[in-house]
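To keep things clear, I will list the structure first and then write my remarks on it.
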Amino acid sequence: MSVTLKDVAQAARVSVSTASRALTGTGLTSERTQQRLVRIARELGYRPNPIARGLKTGQSRLVALLVHNLTNASFQVMAEVVQARLKALGYQMLLCIGGDDPQQESDTLTTLVDHRIDGLIVVPTGKNGAQLKALSKDVPIVCLVRRDDATDLETVLADDPQGAYLGTRHLIELGHKRIGLIVGRQDTTSGRERLSGYVRALREAGIARDDTLIHAGHFVPETGATCARKLLDLPRPPSAIFVANHEATLGVLRVTAERNIAIPDDLSLLCYEDMPWFEWHRPAISIVDNGARDLANLAVDRLLQRMDAKGNGNDGVREYRVGARLVQRDSCRRIESTGTGKSRPSASKSKSSATKPAKV
């Protein structure tokens, strides 16, 4: 049977209210009394009930982070940053996985309400705007990575249009004209904006958009495998593929390995969002970095400010952007025109370097 606060109070021969004040550090007890109560509670194995304490204080000290998956390395980084920041302030983070599924997201939001969370950082599916808006009346919320167009919630985004533009322009500057794009669903902020950056770079270079080179899909590895096969089976396959759907990267790499396609000799490959083994891979994979750590830190800053505010309304709601940057490694190769309308790889490889973050 668990030890209660009443048990601690009886052992210390003090009132329950005195024991509560001593163990929560709310004052009105001497330092000597507090130390004695803490020692007795430890000896008895007393653990405070956070739910009961939350009902009394109106604060659960719980903050939720709701992301789609942990396949995406950016979500892993964000979870680590949010957890560390909150722990330093005495909060516990509830990590929730929504699977990019609207029903699962809705069910999770309902559960979080029952746990009386003090705040929420969410990567929204974009399908539960009404529920998020209703929840925001009682709980401070910050959207991360994606915007929910049905709400006016405060939102922290990467500069996806600029990031995709930088990546596509880099491939064009290396001589590629047939650039395959594997991107996220077009009903998501990141999917739409990355496509727009790709199209903008083509337009500025005078290259006509070819929809047979553009494939969008769910944020899962199988999307990458399916789309890579379609691109590589074209009568005129692309000389480069820009995987702007991070989870899809694993599927693309599987297909290139299955078909013994040498990167970058046979195909240049550029991916969106980094993960540690991209740099260790041989060849090291060039990426567009979305600044996951900066995104998470900014989201925590904005959430804490909203939690500290007396009101949690939408006054002063803003959208924030974190600059994307191109990191050049070894998976993209310069090609030359043969004069026959086809291209061939050049003898030189691109040097490893990084551009400056985009200004936003």
Side-chain angles (χ1 to χ4, degrees), residues 63-69 72 74-75 77-79 81-82 96-106 108-109 112 119-137 139-166 183-200 216-219 244-247 272-273 288-306 312-324 357-360:
V63 173
L65 172 65
L66 175 53
V67 298
H68 299 322
N69 57 59
N72 188 314
S74 291
F75 291 154
V77 171
M78 291 172 185
V81 170
V82 174
C96 305
I97 309 299
D100 200 18
D101 176 73
Q103 186 59 55
Q104 191 170 333
E105 178 186 59
S106 177
T108 301
L109 292 174
L112 292 176
L120 170 65
I121 297 174
V122 56
V123 181
T125 63
K127 304 297 184 181
N128 290 304
Q131 188 175 6
L132 282 171
K133 192 168 184 178
L135 178 58
S136 70
K137 295 178 181 178
V139 178
I141 298 176
V142 172
C143 292
L144 179 61
V145 177
R146 292 184 188 173
R147 182 193 310 110
D148 190 306
D149 293 328
T151 73
D152 54 359
L153 295 174
E154 192 158 16
T155 304
V156 176
L157 301 173
D159 191 2
D160 285 326
Q162 181 68 3
Y165 170 80
L166 289 173
V183 71
R185 301 195 327 266
Q186 293 304 287
D187 60 350
T188 65
T189 307
S190 56
R192 291 193 304 271
E193 293 189 343
R194 292 174 192 177
L195 175 60
S196 72
Y198 166 87
V199 172
R200 173 189 161 202
H218 289 276
F219 297 84
N245 173 338
H246 181 67
E247 291 87 341
Y272 210 102
E273 301 178 42
V288 173
D289 182 10
N290 68 336
R293 191 168 298 277
D294 291 337
L295 285 166
N297 273 308
L298 182 53
V300 173
D301 289 343
R302 299 310 309 153
L303 184 67
L304 291 174
Q305 182 163 332
R306 298 191 71 79
N312 292 319
N314 291 324
D315 293 342
V317 168
R318 292 188 57 188
E319 180 177 286
Y320 297 83
R321 293 276 183 173
V322 170
K359 296 181 179 180
V360 296

Subject >> With E319, the side-chain contact (heavy atoms from CB on, under 4.5 Å) member among L153, L157, V156 >> reply: L157
Subject >> Residues in side chain to side chain donor-acceptor pair (under 3.5 Å) contact with N69, at least two apart in sequence or another chain >> reply: E247
**OP:** Measure from the side-chain N and O atoms of D101 to the backbone N and O of Q104, and report whether any donor-acceptor pair falls under 3.5 Å.
**Re:** yes
**OP:** List in chain and number order the residues that pass ring-ring contact (aromatic ring centres under 6.0 Å, His included) with Y198, two or more places apart in sequence or in another chain; answer none if no residue qualifies.
**Re:** none
Original post:
Listed by chain and number, what are the side-chain contact (heavy atoms from CB on, under 4.5 Å) partners of A296, not counting sequence neighbours?
Top reply: M78, V81, V82
Subject >> Check: F219 and N72 side chains under 4.5 Å, non-hydrogen atoms >> reply: no
**OP:** Indicate yes or no: does R306 engage E154 in a salt bridge with an N to O separation below 4.0 Å.
**Re:** yes
**OP:** For D187, enumerate each residue passing the side-chain contact (heavy atoms from CB on, under 4.5 Å) test, keeping only those at least two apart in sequence or located in another chain.
**Re:** K127, R185
Original post:
Can you tell if the side chain of L295 reaches within under 4.5 Å of the side chain of Y320, non-hydrogen atoms only?
Top reply: no
Subject >> T151: side chain to side chain donor-acceptor pair (under 3.5 Å) partners, not counting sequence neighbours >> reply: none
Subject >> salt bridge (Lys or Arg N to Asp or Glu O under 4.0 Å) partners of D148, counting only residues at least two apart >> reply: none
**OP:** Indicate yes or no for a side-chain donor-acceptor contact from R146 to the backbone of P124 under 3.5 Å, with no hydrogens or angles considered.
**Re:** yes
**OP:** State which residues pass side chain to side chain donor-acceptor pair (under 3.5 Å) with R293; sequence neighbours excluded, sorted by chain then number.
**Re:** none
Original post:
Taking C-beta and beyond as the side chain, do N290 and S74 meet within less than 4.5 Å on heavy atoms?
Top reply: yes
**OP:** May I ask you to decide whether E193 forms a salt bridge with R321, counting only side-chain N to carboxylate O separations under 4.0 Å?
**Re:** yes
**OP:** Can you sort out the partners of E105 under salt bridge (Lys or Arg N to Asp or Glu O under 4.0 Å), two or more places apart, ordered by chain and number?
**Re:** none
**OP:** Please examine the side chains of V288 and L166, heavy atoms only from C-beta on, and report whether any two atoms are closer than 4.5 Å.
**Re:** no
Subject >> Of L132, V139, I141, the residue whose pairing with L109 passes side-chain contact (heavy atoms from CB on, under 4.5 Å) >> reply: L132
Original post:
Who are the side-chain contact (heavy atoms from CB on, under 4.5 Å) partners of A244, not counting sequence neighbours?
Top reply: L181, V183, R194, F242, Y272
Subject >> Partners passing salt bridge (Lys or Arg N to Asp or Glu O under 4.0 Å) against R192 (at least two apart in sequence or in another chain) >> reply: D149
Subject >> Spatial distance of atom SG (C143) from atom CD1 (I121) [nearest 0.5 Å] >> reply: 10.5 Å
Original post:
Does some side-chain heavy atom of V123 sit less than 4.5 Å from a side-chain heavy atom of L66?
Top reply: no
**OP:** Indicate yes or no: at least one non-hydrogen side-chain atom of L298 is less than 4.5 angstrom from one of R302.
**Re:** yes
**OP:** State, with a plain yes or no, whether a side-chain heavy atom of V63 is found less than 4.5 Å away from one of L303.
**Re:** yes
Original post:
Considering residues at least two apart in sequence or located in another chain, which fulfil the side chain to side chain donor-acceptor pair (under 3.5 Å) criterion with Q186?
Top reply: none
